[in-house]
Amino acid sequence: MKLFRLFVASIAIALVPVGTILGQSANFKTGKALEVQYNILRELNAAFVDSTDIEKLINTGINAMLGSLDPYTEYIPDENEEDLEMMRTGAYGGIGSVIRKIDSVGVLISQPYIGSPALKYGLEPGDIILEIDGVSVMPLAADECSNRMKGQPGTQVKFLVKKGRTGETVEIVITRERIHVSDVSYSGMLRDSIGYIRHESFTDGGHRDFRKAFQDLKEKGAKHLVIDLRSNGGGLVDEAVKILSLFFPKGTTVVTAKGRTPESSFSMATQTEPLDTLIPITVLVNSASASASEIVAGAIQDLDRGTIAGTRTYGKGLVQGFRPVGYNGNLKLTTAKYYTPSGRCVQAIDYSNRNSDGSVGYVPDSLKKAFKTLKGRTVYDGGGITPDTLIKGETYSRPAYSLVANDIFGEYAIEYYKKHKTIASAANFALTDAEYEDFVKFASKKEFDSRSSAQAQLDQMLKSAKSEDLYNICKAEFDALEKKLTISKEEMLRVKKAEFKPLLEEEIVYKYYCTPGRIESIIRNDVQLHKTLDLIK
């Protein structure tokens with residue numbers, strides 16, 4: 001009820017200075033609205049036919065109110081304080097593992113993080129947690145299990161574990177640590193003297209990981225740098241500026257924010273001496289590169305420091321800040337829009353005009369404005385950063401998405417891990433034809449949508465034809481086409497072997513070599529990256 005008391009207190013404060021409110025229409029409207037809300041809550045609490053949870057109702061109202069503004073402003077109550085810390089720093093106290101709750105089985109250790117307490121104390125992919133601190137996990141929801149595993153660094157948590165490889169049940173006591181997943185998921189040399197950094201997010205202190213990776217690549221002889229920001233959803237603007245500081249002279253303005261208040265309007269310039277202002281840079285982006293990723297790409301493009309390759313970015317040009325709102329709750333609030341050095345705002349013009357993946361939809365030329373880069377090249381706003389060189393990424397079939405969504409690749413990878421103590425290096429591991437056939441037998445028994453896009457469209461056409469009484473007229477043609485397009489799960493898994501096999505190999509490598517190994521495996525078949533490297537060469 002603490003939120004309810006807070007709500008009532010805010011009503012009282014809003015209603016006391018009646019004369020002031022009447023004299024200020026905006027304040028009067030606010031007070032009126034709050035009084036109406038309070039009266040509604042009071043009546044619901046007193047007379048609604050079923051019992052009501054006032055705190056839940058208030059939170060529902062808050063979330064609906066904020067959701068009407070933009071997709072990013074949100075209320076974070078005190079019980080989600082760890083989520084807030086994760087947003088800011090990318091860190092939390094725990095054991096460091098991806099888990100999955102399986103009803104009537106337990107909590108599956110899907111993948112421990114590299115260097116995590118989970119790995120140090122012997123948890124492996126395929127292990128099943130049966131109890132946490134003596135409490136059975138069977139009746140607990142996944143988030144409850146996760147919360148029990150988290151805690152202050154230095155504290156201990158006790159697990160009863162059924163080992164995946166041996167089947168024995170053992171007790172494992174793990175000392176929690178501060179878990180921080182590095183923003184740099186992989187770095188290495190590609191093709192002769194091209195250095196490569198895969199950057200996943202922008203969390204507090206993450207620029208240090210990037211700096212170290214870049215220095216290591218320079219020592220190895222990198223003459224060109226590829227910064228991979230694909231599917232990097234952004235994070236802290238400060239971290240983006242600190243990464244840009246590695247490549248621009250000290251004092252270079254790289255981003256500007258404009259909001260309603262003086263505090264929310266500012267410019268940010270590089271604060272430290274650079275490491276290298278001459279090395280050629282290529283930034284690889286896609287439709288899921290957003291926010292701080294777009295700041296980095298936009299600055300490098302506008303200041304002609306490098307080339308942007310890939311597909312147009314997401315189009316999130318908004319600055320968020322955290323404001324305390326009482327009772328340890330926080331409001332993540334959109335306070336400004338940010339602009340690249342040329343003056344472009346990368347925020348999509350229309351929140352609702354989005355593609356199916358959430359990225360910027362079609363923007364008419366009439367709504368775009370032209371801007372000039374430092375050297376006079378023309379660039380445009382309208383949403384996102386448009387690459388200098390358009391390079392489309394890999395596309396996947398409907399069955400591939402279904403296999404991933406249902407974690408069938410992951411399930412088989414765990415079974416493979418249980419049977420094989422070691423495998424070849426991440427860069428060289430490959431399944432044999434016999435092993436892939438074993439996967440076909442495994443996956444064909446699982447539930448997933450094996451229909452091709454053509455078959456799915458036909459199913460929709462048949463449904464429409466039947467609803468419009470047209471099916472019987474063309475029944476023979478429909479039946480013939482349906483017969484040709486319909487194939488079994490086994491057939492689909494074999495037909496799509498060239499597409500599915502690399503995805504499965506990647507998942508298996510992940511179990512043995514964690515995220516760096518997974519990225520190394522992905523690189524082998526990354527069409528968009530290899531086209532970018534061809535462009536550089």
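Atom CG of L374 sits about 6.0 Å away from atom CG of L303, to the nearest 0.5 Å. Atom OG1 in T73 sits 6.5 Å away from atom CG in L331 (nearest 0.5 Å). Atoms CD1 and CG, from I279 and L225 in turn, are 5.5 Å apart once rounded to the nearest 0.5 Å. Taking OH of Y314 as the reference point, atom OG of S289 lies at 12.0 Å (rounded to 0.5 Å). To the nearest 0.5 Å, atoms OH (Y72) and OG (S291) are separated by 8.5 Å.
By the 4.5 Å heavy-atom criterion applied to side chains, T313 and N286 are not counted as neighbours. Contact annotation: the side chain of V319 never approaches that of K337 to less than 4.5 Å [non-hydrogen atoms, C-beta and beyond]. I281 places a side-chain heavy atom less than 4.5 Å from the side chain of I227. Contact of the I295 side chain with the V346 side chain is not registered, since no non-hydrogen atoms from C-beta on lie closer than 4.5 Å. Taking 4.5 Å as the limit, every side-chain heavy atom of F247 sits out of range of all side-chain heavy atoms of P274. Proximity of Y121 to F159: side-chain heavy atoms (C-beta onward) are nowhere separated by under 4.5 Å. A 4.5 Å side-chain heavy-atom check between L504 and Y416 finds every atom pair outside the cut-off. The closest side-chain heavy-atom distance from L217 to Y196 is not below 4.5 Å.
Of the possible donor and acceptor atoms, none in the side chain of S402 sits under 3.5 Å from a partner among the backbone N and O of P399. A donor-acceptor contact shorter than 3.5 Å is absent between the side chain of S521 and the backbone of G517. When atom types are taken as modelled, the side chain of S293 and the backbone of N232 share a donor-acceptor pair closer than 3.5 angstrom. Counting only distance, with no hydrogens or angles, the side chain of N406 and the backbone of F448 share no donor-acceptor pair below 3.5 Å. Of the possible donor and acceptor atoms, none in the side chain of T203 sits under 3.5 Å from a partner among the backbone N and O of G206. In this structure a side-chain-to-backbone donor-acceptor pair under 3.5 Å is present from S245 to V241. Checked by atom type and distance alone, the side chain of S265 never pairs as donor or acceptor with a backbone atom of P262 at under 3.5 Å. With hydrogens and angles disregarded, no donor-acceptor distance shorter than 3.5 Å links the side chain of D127 to the backbone of L123. Between the side chain of E177 and the backbone N or O of G94 there is no donor-acceptor pair closer than 3.5 Å. A donor-acceptor contact shorter than 3.5 Å is absent between the side chain of N428 and the backbone of A424.
Applying the salt bridge (charged side-chain N to carboxylate O under 4.0 Å, His left out) definition to pairs two or more places apart or across chains, those involving residues 407-418 are R100-D407, R100-E411, E411-K446, E415-K418. For residues 238-257, the set of pairs meeting the salt bridge (charged side-chain N to carboxylate O under 4.0 Å, His left out) definition, not counting sequence neighbours, is empty. Residue pairs meeting the side chain to side chain donor-acceptor pair (under 3.5 Å) criterion with at least one member in residues 268-277, sequence neighbours excluded, are K218-D276. Every pair passing salt bridge (charged side-chain N to carboxylate O under 4.0 Å, His left out) that includes a residue from residues 496-505 is listed here, sequence neighbours excluded: D433-K497, K496-E499, K501-E505, E505-R524.
Every residue was checked against the ring-ring contact (aromatic ring centres under 6.0 Å, His included) condition with H530, not counting sequence neighbours, and none meets it.
Contact detail for A443 and L493: the closest heavy-atom pair is CB-CD1, 3.8 Å. Of all non-hydrogen atoms in F202 and A292, the two that sit nearest each other are CD1-CB, 3.5 Å. Taking each heavy atom of V285 and A297 in turn, the nearest pair found is CG1-CB, 4.3 Å. Residues V184 and H199 come closest through the heavy atom pair CG2-CD2, 3.9 Å. The shortest heavy-atom contact between F248 and I300 is CZ-CA, 4.1 Å. Here the shortest heavy-atom pairing between G298 and P341 reads O-CD, 4.3 Å.
Within 6.0 Å of NZ on K120 lie more than 12 heavy atoms contributed by other residues, nucleotides or ligands. Under a cut-off of 6.0 angstrom, the local environment of CZ in R148 is sparse, with at most 12 non-hydrogen atoms contributed by other residues, nucleotides or ligands. The number of heavy-atom neighbours closer than 6.0 Å to NZ of K531, taken from other residues, nucleotides and ligands shown, is 12 or below.
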Do K511 and E124 pass the salt bridge (charged side-chain N to carboxylate O under 4.0 Å, His left out) test, and can you show the C-alpha distance, the side-chain angles, and the key distance before you say yes or no? CA-CA 8 Å; K511 303 305 175 191; E124 300 177 275; over 6 Å; no
From CA spacing to verdict: side chain to side chain contact (heavy atoms under 4.5 Å, CB included), K332, I76: CA-CA 7 Å; K332 184 163 76 76; I76 304 169; 4.3 Å; yes
Under the criterion ring pair (Phe, Tyr, Trp, His ring centres under 6.0 Å), I'd like the reasoning laid out for Y417 against Y512: C-alpha separation, chi angles, the key distance, then a yes or no. CA-CA 8 Å; Y417 180 86; Y512 290 86; 4.9 Å; yes
Given R230 and L529, is the side chain to side chain contact (heavy atoms under 4.5 Å, CB included) satisfied, shown in steps? CA-CA 10 Å; R230 288 176 298 175; L529 175 59; 4.1 Å; yes
Stepwise side chain to side chain contact (heavy atoms under 4.5 Å, CB included) test for Y380 and T378: CA-CA 7 Å; Y380 296 91; T378 302; 3.7 Å; yes
Quick one: do T373 and D302 satisfy side chain to side chain donor-acceptor pair (under 3.5 Å)? Show the steps, please. CA-CA 4 Å; T373 68; D302 282 3; over 6 Å; no
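In this structure, R198 pairs ionically with D228, as a charged nitrogen and a carboxylate oxygen lie closer than 4.0 Å. Looking at D534 and R191, a side-chain N of the basic residue comes within less than 4.0 Å of a carboxylate O on the acidic one, giving a salt bridge. Salt-bridge check for K316 with E294: failed, with every basic side-chain N at 4.0 Å or more from each acidic carboxylate O.
A donor atom on one side chain and an acceptor atom on the other are not found under 3.5 Å apart for S185 and T515. Residues E507 and Y412 bring no donor and acceptor atom of their side chains to less than 3.5 Å of each other. A donor atom on one side chain and an acceptor atom on the other are found under 3.5 Å apart for R176 and T155. No side-chain donor-acceptor contact under 3.5 Å links S193 and H224.
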For residues 387-396, please give each side-chain donor-acceptor pair under 3.5 Å, one per line with the distance, not counting sequence neighbours.
from : atom 1 : to   : atom 2 : distance (Å)
D388 : OD1    : Q301 : NE2    : 3.1
D388 : OD1    : R377 : NH1    : 3.0
D388 : OD2    : I308 : N      : 2.9

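A ring-centre distance under 6.0 Å is found for F439 and F409.
Using bins of under 30°, 30° to 60° and over 60° for the plane-to-plane angle, the ring pair F214/F210 lands in the tilted bin.
K258 forms a cation-pi arrangement with Y339, by the criterion of a distance under 6.0 Å to the ring centre and an angle within 45° of the ring axis.
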